[in-house]
2 protein chains.
Amino acid sequence: MTAVTDDKPAAPKRPLTLRDVSEASGVSEMTVSRVLRNRGDVSEATRTRVLAAAKDLGYVPNKIAGALASQRVNLVAVIIPSLSNMVFPRVLTAISDVLDNTPLQPVVGVTNYLPEREEKVLYEMLSWRPSGVIIAGLEHSEAAKAMLRSAGIPIVEIMDTDGTPIDSVVGISHRRAGRMMAETIVKAGYRKIGFLGTKMPLDHRARKRFEGFTEALAKAGLEVVDQEFYAGGSALAKGREMTAAILERSPEIDFLYYSNDMIGAGGLLHCLDAGIDVPGRLGLAGFNGIELLDGFSMQLATMDSCRAEIGRKAAEIIAQGAEVSVSDGGPTRGRRVELNPTIRHGNTLRLRPSEGLYPE
Amino acid sequence: MTAVTDDKPAAPKRPLTLRDVSEASGVSEMTVSRVLRNRGDVSEATRTRVLAAAKDLGYVPNKIAGALASQRVNLVAVIIPSLSNMVFPRVLTAISDVLDNTPLQPVVGVTNYLPEREEKVLYEMLSWRPSGVIIAGLEHSEAAKAMLRSAGIPIVEIMDTDGTPIDSVVGISHRRAGRMMAETIVKAGYRKIGFLGTKMPLDHRARKRFEGFTEALAKAGLEVVDQEFYAGGSALAKGREMTAAILERSPEIDFLYYSNDMIGAGGLLHCLDAGIDVPGRLGLAGFNGIELLDGFSMQLATMDSCRAEIGRKAAEIIAQGAEVSVSDGGPTRGRRVELNPTIRHGNTLRLRPSEGLYPE
DNA sequence: TTGAAAGCGCTAACAC
DNA sequence: GTGTTAGCGCTTTCAA
């Protein structure tokens, strides 16, 4: 055994404070603070002295104290339902990218699509007095809405524009997205349409897409022939299973609309394996436009949900944030940004109606 | 236009404080504080009064002030390189699940595999004085290591055990993982082995797997026949492209080892499309054991990287955290948990050597 | 069971 | 350019 002798001082029991740096450098706490924050005029000489001392001691400022004193917290609360599908990570990346050019920092909370979790997470985050909140969706518990309204900071609700925002909102209309896809499918000549989705009554965006979808079908005198829902497990595997099941049960189906790309991709794999003629005998479409699927031999028709753009815009609104966010009692001052989702036909959705099984 | 009359008071300009609740309830700040934190004995009567007042006002406590006063912050810094691949979200979920049963809350920072980002993110997080740090990998800049050592809180380095931890470590040996896979492949009778990976010199775990892999091959008198690396883009698509490319360049290859499941899956798709006999003519294996791939028609051979288990264990260590984490100058008091990755053969790796092209 | 006083580590505002 | 003073909103500690 060798006796280890430290050349650096041992780990301190008491965290270092400004005072320590002050004493080590022979400069007042205030000036040290100024140097460390690059605020106010400090002579180059003392600046160097202070920096050296801080680095030497390994001083890490205490933001808790700083925040309390300055009444400023450079944190942005980002509240999303899930991390496990590919959609929110994409939004997060965009948010981070924008905030990287500001003093702001995102802090992520996950709700698992549970309103009570959302309420709790929101409460926790608000208790840190963040500079803004980015939160997915427009549906929140009354308590959550009350908290958001009275927080006195910019709030941006993202992903969805179908509803009444508290402050600002950035997203797409999922109802419209569902409608657009239905219209495209009908125009392509498909008539026996099935739907596959998630068993998530609380996924309001999926619900709205479905509503828009059936609404547009109804306008064309059609309705969904059959449907199936899943919960849990590998989305790809579930998509495969559900597709097999629904096609067996309702063999007349000539199109399947999936509530997300992942189960759509599973369905596509099933069709390829089963030798089903796609998009001739059966058309397929998903939702989200996730890049993941670029590696498949066939491109699933889908709709870009503008995830990156949404994240970017939301972060920008927060970053601007100077403006008053919610006025007292009057109309909301928030901004409204509705993005346009675009259909990507891929090759699982035939383009010309003339090729359809049901020529018009 | 209708004149909106508020039944609830308008959003306050000044955030509410304990004092407000104190005044509204006619109870001292101290007692209000006790009620809100469920600390100490408070009569049921005052308790109800206080709770009612707090709820009525919509009071949200200020954790900044609370943390400063109590010198306690129930935050756990979790620092990971990326959110975009499926591996870290899985770890995060496990961490959250464990911490949900404690007062602790994870706060995530992403480094993009950049040491300088890591250093910055770490500094930011430490300045909030968290109760612990969970950080991916054992390789950090000297400055980062110094910060971790002197933070005076439990540190858990995760994912990898090949190296010297600062405090605790939970992970698998990636070198060993690479070795195990090589041995399995060789035992199965494959001899002309190619490698496909990421262009990430800073992904130390991928590097260690590769080193272990080649080391074990060398022991069997073999070396990697050809290799290819990618950066950016859809991993699935890249896997497909790289596989086509390497097989064209080195047609003698009878096995491809991928540094992750995603590119492996892309490779598998290529093989299926190209009509290549897998695992007869060509074997394939990936790494991570991601569930995503369960929906494929063939199961890619892979190795479980114990992501969930790692997250769980790490969180547990932090939660126990009471123990002194780094002793002064002496040996680290941290715990060491090395998990055993297991090979999942799937069906892209033939099992019996006797079936090999090169019978032994 | 409740309250009063002191102070956590920093920064705003003002002096010098 | 630098230092001094007074809090930020809570919790700790101690007294009642």
Side-chain angles (χ1 to χ4, degrees), chain A residues 12-51 53-54 57-74 103 124 126-131 151-152, chain B residues 12-51 53-54 57 59-75 103 124 126-131 151-152:
Chain A
K13 327 194 89 70
R14 178 182 57 78
L16 296 165
T17 68
L18 260 190
R19 172 175 217 100
D20 295 307
V21 184
S22 166
E23 283 169 0
S25 62
V27 176
S28 80
E29 283 188 45
M30 197 53 234
T31 303
V32 172
S33 169
R34 281 195 269 256
V35 170
L36 263 22
R37 286 177 300 145
N38 277 314
R39 280 248 190 308
D41 294 317
V42 181
S43 77
E44 200 43 45
T46 47
R47 153 176 230 77
T48 341
R49 280 241 305 282
V50 169
L51 252 21
L57 295 173
Y59 172 70
V60 177
N62 185 332
K63 287 216 180 184
I64 308 264
L68 184 62
S70 67
Q71 306 281 55
R72 238 192 309 280
V73 181
N74 292 328
E124 290 291 317
L126 286 181
S127 72
W128 287 103
R129 301 284 186 267
S131 296
Chain B
K13 325 196 88 71
R14 176 183 57 77
L16 296 164
T17 68
L18 257 191
R19 173 176 217 99
D20 295 305
V21 183
S22 166
E23 283 169 1
S25 63
V27 175
S28 80
E29 283 187 47
M30 198 49 240
T31 304
V32 172
S33 168
R34 280 195 269 256
V35 171
L36 264 23
R37 283 177 301 143
N38 279 314
R39 279 253 190 302
D41 294 316
V42 182
S43 75
E44 199 45 42
T46 48
R47 156 178 226 74
T48 343
R49 281 240 306 280
V50 168
L51 252 21
L57 294 174
Y59 172 69
V60 176
N62 185 333
K63 288 216 179 182
I64 307 267
L68 183 61
S70 68
Q71 305 282 57
R72 237 190 310 280
V73 181
N74 292 329
L75 259 25
E124 290 290 320
L126 286 181
S127 72
W128 287 103
R129 301 285 187 265
S131 296

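- The bend of the helix from C:dT1-D:dA16 to C:dC16-D:dG1, defined by the angle between the axes of its first five and last five pairs, stands at 30° to the nearest 10°.
- Between B:Ser43 and the phosphate of C:dT1, there is no side-chain N or O to OP1/OP2 separation shorter than 4.0 Å.
- The side chain to side chain donor-acceptor pair (under 3.5 Å) search around B:Asn62 returns none, not counting sequence neighbours.
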With side chain to side chain contact (heavy atoms under 4.5 Å, CB included) as the criterion, how do B:Val21 and B:Val35 come out once you've worked through the C-alpha distance, each side chain's angles and the decisive distance to 0.1 Å? CA-CA 11 Å; B:Val21 183; B:Val35 171; over 6 Å; no

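- If B:Leu68 and B:Val27 are placed on DNA chain C by their nearest nucleotide, the residue sitting closer to the 5' end is B:Val27.
- Considering only residues two or more places apart in sequence or on other chains, B:Leu68 meets the side-chain contact (heavy atoms from CB on, under 4.5 Å) condition with A:Ile64, A:Ala65, A:Leu68.
- Counting only residues at least two apart or in different chains, salt bridge (charged side-chain N to carboxylate O under 4.0 Å, His left out) contacts with residues 30-49 of chain A are absent.
- Residues satisfying the side-chain contact (heavy atoms from CB on, under 4.5 Å) test with B:Ala69, not counting sequence neighbours, are none.
- In this structure, B:Ser70 has no side chain to side chain donor-acceptor pair (under 3.5 Å) partners at least two apart in sequence or on a different chain.
- In 5' to 3' order, the nucleotides of DNA chain D bounding all contacts with chain A (an atom under 4.0 Å from a heavy atom) are D:dG1 to D:dG9.
- For A:Thr46, the side chain to side chain donor-acceptor pair (under 3.5 Å) partners at least two apart in sequence or on another chain are A:Ser43.
- With sequence neighbours excluded, the residues that form a side-chain contact (heavy atoms from CB on, under 4.5 Å) with A:Ser22 are A:Glu29, A:Val32.
- Rounding to whole angstrom units, CG of residue B:Asp41 and C1' of C:dG3 are separated by 15 Å.
- In this view, B:Ser127 and A:Val60, A:Lys63 satisfy the side-chain contact (heavy atoms from CB on, under 4.5 Å) rule, not counting sequence neighbours.
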Indicate for each nucleotide in nucleotides 10-16 of chain C, in 5' to 3' sequence, whether protein heavy atoms under 4.0 Å reach the base (B), only the sugar-phosphate (S), or nothing (-). BBBB---

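- The phosphate of C:dT1 (OP1 or OP2) has no side-chain N or O of B:Thr46 nearer than 4.0 angstrom.
- Annotation: side chain to side chain donor-acceptor pair (under 3.5 Å) contacts of A:Thr31 (sequence neighbours excluded): A:Ser28.
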